[in-house]
Protein chains: 4
Amino acid sequence: MARKPPTKPRKNASQERSRATVDALVEATARILVKEGFEKASTNRIAEIAGVSVGSLYQYFPSKEALVAAVIDRHNEEIMGLVRTALLEVANMPIEQAVRKLVTVAIEAHRINPKLHRVLAEQIPRTGQLKDVEAFNREVHTLVRTYLESRRKEMRKIDPGLATFICVSTIEAVAHNTVLNHAEMLSEKRVKVLVDETTRMVVGYLAVSSNPELRAAAKPAPG
Amino acid sequence: MARKPPTKPRKNASQERSRATVDALVEATARILVKEGFEKASTNRIAEIAGVSVGSLYQYFPSKEALVAAVIDRHNEEIMGLVRTALLEVANMPIEQAVRKLVTVAIEAHRINPKLHRVLAEQIPRTGQLKDVEAFNREVHTLVRTYLESRRKEMRKIDPGLATFICVSTIEAVAHNTVLNHAEMLSEKRVKVLVDETTRMVVGYLAVSSNPELRAAAKPAPG
Amino acid sequence: MARKPPTKPRKNASQERSRATVDALVEATARILVKEGFEKASTNRIAEIAGVSVGSLYQYFPSKEALVAAVIDRHNEEIMGLVRTALLEVANMPIEQAVRKLVTVAIEAHRINPKLHRVLAEQIPRTGQLKDVEAFNREVHTLVRTYLESRRKEMRKIDPGLATFICVSTIEAVAHNTVLNHAEMLSEKRVKVLVDETTRMVVGYLAVSSNPELRAAAKPAPG
Amino acid sequence: MARKPPTKPRKNASQERSRATVDALVEATARILVKEGFEKASTNRIAEIAGVSVGSLYQYFPSKEALVAAVIDRHNEEIMGLVRTALLEVANMPIEQAVRKLVTVAIEAHRINPKLHRVLAEQIPRTGQLKDVEAFNREVHTLVRTYLESRRKEMRKIDPGLATFICVSTIEAVAHNTVLNHAEMLSEKRVKVLVDETTRMVVGYLAVSSNPELRAAAKPAPG
DNA sequence: GATGAATGAGGGTTCATTCAT
DNA sequence: CATGAATGAACCCTCATTCAT
């Protein structure tokens, strides 16, 4: 693999002026990404839209990648804001209520900036920022897992890591696919049904079940 | 949006000589994608690896995009081969068995060429081939939906479209995330557990349930 | 200067089959030139339109240039056909009638295929075929000069070469500019005026003049 | 017709540094055109000769065409400089003197850079810059026509547009053909004869004539 | 710090021409 | 002779990055 360009912001951007420049750059990048796609997002163009010189861009971001990474981070941070809050609120809720909340929040999170989300998902070749995305995923995983472990009593006996993995994957996938490929489901009514169904699935999976059929279902046919 | 480059193969490539060239090109592209990433996959390099001149590349593919699209198509076709077969086999199976089969096949499909799958998912900016991918998704959706409708009697009363959407999303997400991010789960033993769990979840969701709790779970708290 | 590609047709094309192929190629070239411009006239495309393989093209024309040269030659030959005929007819006419005829024919000649004429004039970078064009010019010059010399008695005493040069340039320029840039002058009525005027100019120039003013005009102010 | 590349310079190039670069590029282009022909004038080569990087070339010219257009414009501007000046000087001159001046200037103008003029005329496929050339032609036409109209009293009764067209075409053609194809006529002596003759022709055409023969010449034989 | 002119490697693509079949 | 697949030099152009001012 070729040497990858650096990816971390060059300074803490604590000074107010710097801060404004950095923000303008990230914002400009996001805007171009959304409005014109990744291909059109050249550093010169970004600087221009941000009202800043290319030189300044490189003062704050060591590479184009770092800039894109910042956009991704910012987007993820917005999502994480919702998710963290939700998980705090959820801490003392019973599973069913909690899952419903999480499903709802997942969809909301994907709706924060769906166009940006799509571009990020479809057009951005990931090279260096995988780590950031993974960190993000890990945090979600940890938070959810912690919650699930705290609710062990209401649940079947499952490996908590596995359960977390399956539930998070499921919820994320439903939210993602809905927002990106089935916008028609986002009407208030239909979204409610979607949330109901997804919740039912996840809760049905996690919760202890008195249905012998279901218990059997989880085991392969003997032999 | 700027005009996108053409994407369809230029000739039917029926002659054997041509066919060989086309294959070599697609194969070379896939190999470079896997071994060196999207960035290194320049047309000149692809042609070189394919043992062919750039001119020949453009004789058969009108653009670099078309070539990548061909790789994607080929990969999807391999996946669809498995999936179609599985769905044929599944036609007369009861839900539990069928879902287990589909989950298994989904994981197998993602393991056909996981590295390529990852590159395709993470590094390739989707531009023109969205249609192909959507067609692929639609086919899967249709096949699954048809199966589910044929099994209506064993299922809860759910909107079949919605059910299909949720199940397909779930299974795909689990398979995708497992293969790409949790290769450690692919040991024979652990994969079995994973399949069991996923199956349990989906079947629990689809099948009629005698558990009143679960039935309640799907409805929001009154008021 | 770099070595220029060969330009002469490869064979005399005496066989009928060959002749047909050659014609098809020249015709196809002319058609593409007119309909799509020089840039689109690739040898592969020409061969395709001619219903022949590229290989065959190169059987008869050693280079693309040779093909274009052939088109130019054919076009010039058509023009020369008119001009030669006109000059034969003109041989025994008095100057005024003769010039009128030549002006008329010049315009007619430019109207044979004005679109091709324009492309030839505007879009074709001349490299090798200058010789052909010069030969064409020389022939016209010679024919006209011969005529003028035969009419010496009706003319002022002028250097025949110079007179030929001026008259041919003038007539050619008027015809060329009219057809290419002032198509609106080609209505029957207006063209008549144009021919009248041009004829008047040329004849006034050639013929002996009884006007002392004019005679004076030709001499610079003494000192 | 395919979309044509842009043709206007990219920046105003007001800064001195930029200005120098732009000049170097135009100059290099002209030089290569003259010394090696259009075919050899690749953007990379032009930049190299200009002592500048290709990138800089594209900073100031959006396409190769734009660069060539700039060369053409510059050349036309030099010509127009002479022509405009001449027409100012000519404003109060009688026709004979004026025409002589214009003929002289036309030849001078073509001698400014005859090699460039030839390349421009023979090798450059006109694509986008037709408008510029037409504008140039229109300006000449307008200036000359204005002069002629101011001299109406000394002239025959002719449609001024037509007269302008014929005179301009004639003078331009003579100058063009002389400089490009009959350099041997450019010796001081011979050029004088050429100017005399051309002047005689044009003046004889424009001026009122007492020669009944000539007046008759302009009319077709009755019936 | 900020600026933006300059850089140049490298990318995608074309097309005249060749030659094995 | 005809075919058309193959060739590859060369072209135009972009854009992340640098650095003198």
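Hydrogens, waters and symmetry mates are skipped; everything else that's a heavy atom, side chains included, is used.
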Review point. Do the side chains of A:Glu48 and A:Asn44 get nearer than 4.5 Å, heavy atoms only?
Key: no
Check your understanding: Which whole-number value in Å describes the distance from B:Asp23 CG to F:dA5 C1'?
Key -> 16 Å
Practice item. Give A:Glu48 one of three labels, base, sugar-phosphate or nothing, depending on what nucleic acid heavy atoms sit under 4.0 Å from its own. Key: nothing
Point to revise | Residue-phosphate contact under 4.0 Å: A:Thr43 side-chain N/O, F:dT17 OP1/OP2 | key: no
**Study point:** Whole angstrom value for the distance that separates P of F:dC12 from CD1 of D:Ile32
**Key:** 11 Å
Review point. Counting side-chain heavy atoms from CB outward, which of F:dT3, E:dT13, F:dA16 is closest to C:Ser53?
Key: F:dT3
Point to revise | Pairing annotation in dot-bracket form, given for DNA chain F with Watson-Crick or G-U pairs under 3.5 Å and | for cross-strand partners | key: .||||||||||||||||||||
Check your understanding: Below 4.0 angstrom from OP1 or OP2 of F:dA5, is there any side-chain N or O of B:Thr21?
Key -> no
Review point. So B:Glu27 and B:Arg74, salt bridge (Lys or Arg N to Asp or Glu O under 4.0 Å) or not? Walk me through it.
Key: CA-CA 10 Å; B:Glu27 184 56 29; B:Arg74 200 182 69 169; 3.0 Å; yes
Exercise for review: Measure the distance from CG on A:Asn44 to P on E:dT7 and round it to the nearest whole Å.
Suggested key: 15 Å
Exercise for review: I would like to know whether B:Arg31 and B:Glu36 meet salt bridge (Lys or Arg N to Asp or Glu O under 4.0 Å); could you show each step before the answer?
Suggested key: CA-CA 8 Å; B:Arg31 264 227 282 279; B:Glu36 320 190 34; over 6 Å; no
Practice item. Please state how far atom CG in A:Leu57 lies from atom C1' in F:dC15, giving the value in whole angstrom units. Key: 12 Å
Check your understanding: Sub-3.5 Å donor-acceptor pair from the side chain of B:Gln123 to the main-chain atoms of A:Arg126, do we have one?
Key -> no
Revision key, fill the gap. Separation of F:dA6 atom P from B:Arg19 atom CZ, nearest Å, is 13 Å
Review point. Under 4.0 angstrom, heavy atoms only, what part of the nucleic acid is B:Glu39 near: base, sugar-phosphate, or nothing?
Key: nothing
Check your understanding: Which heavy atom in D:Tyr58 sits nearest to a heavy atom in D:Ser63, and how many Å separate them?
Key -> CE2-CA, 4.0 Å
Point to revise | Any donor-acceptor N/O pair, A:Ser56 side chain to A:Val52 backbone, under 3.5 Å | key: no
Point to revise | 5' precedence on DNA chain E between A:Gly55 and B:Lys64 (nearest-nucleotide basis) | key: A:Gly55
Study note, to complete from the structure: Quick note, A:Gln59 side chain, CB onward, closest among E:dG12, E:dA16, E:dA2 is E:dA2
Check your understanding: Does the side chain of D:Tyr60 pick up a donor-acceptor pair with the side chain of D:Ser18 at under 3.5 Å?
Key -> yes
Review point. Roughly, in whole Å, what's the span from CG in D:Leu25 to C1' in E:dT7?
Key: 13 Å
Check your understanding: Just checking B:Ser42: base, sugar-phosphate only, or nothing, at a heavy-atom cut-off of under 4.0 Å?
Key -> sugar-phosphate
Practice item. May I ask you to say what C:Ser56 touches in the nucleic acid, namely base, sugar-phosphate or nothing, with a heavy-atom cut-off under 4.0 Å? Key: base
Revision key, fill the gap. Of C:Val54 and D:Val54, the one whose closest nucleotide on DNA chain E sits nearer the 5' end is D:Val54
**Study point:** Main-chain N/O of D:Ala41 paired with D:Lys64 side-chain donor or acceptor, under 3.5 Å
**Key:** yes
**Study point:** Options E:dA5, F:dT14, E:dT13, nucleotide nearest the side-chain atoms of D:Tyr58
**Key:** F:dT14
**Study point:** Spacing between C:Leu67 atom CG and E:dT17 atom P, to the nearest angstrom
**Key:** 10 Å
Revision key, fill the gap. In whole angstroms, the gap separating P of F:dT17 from CZ of A:Arg45 amounts to 18 Å
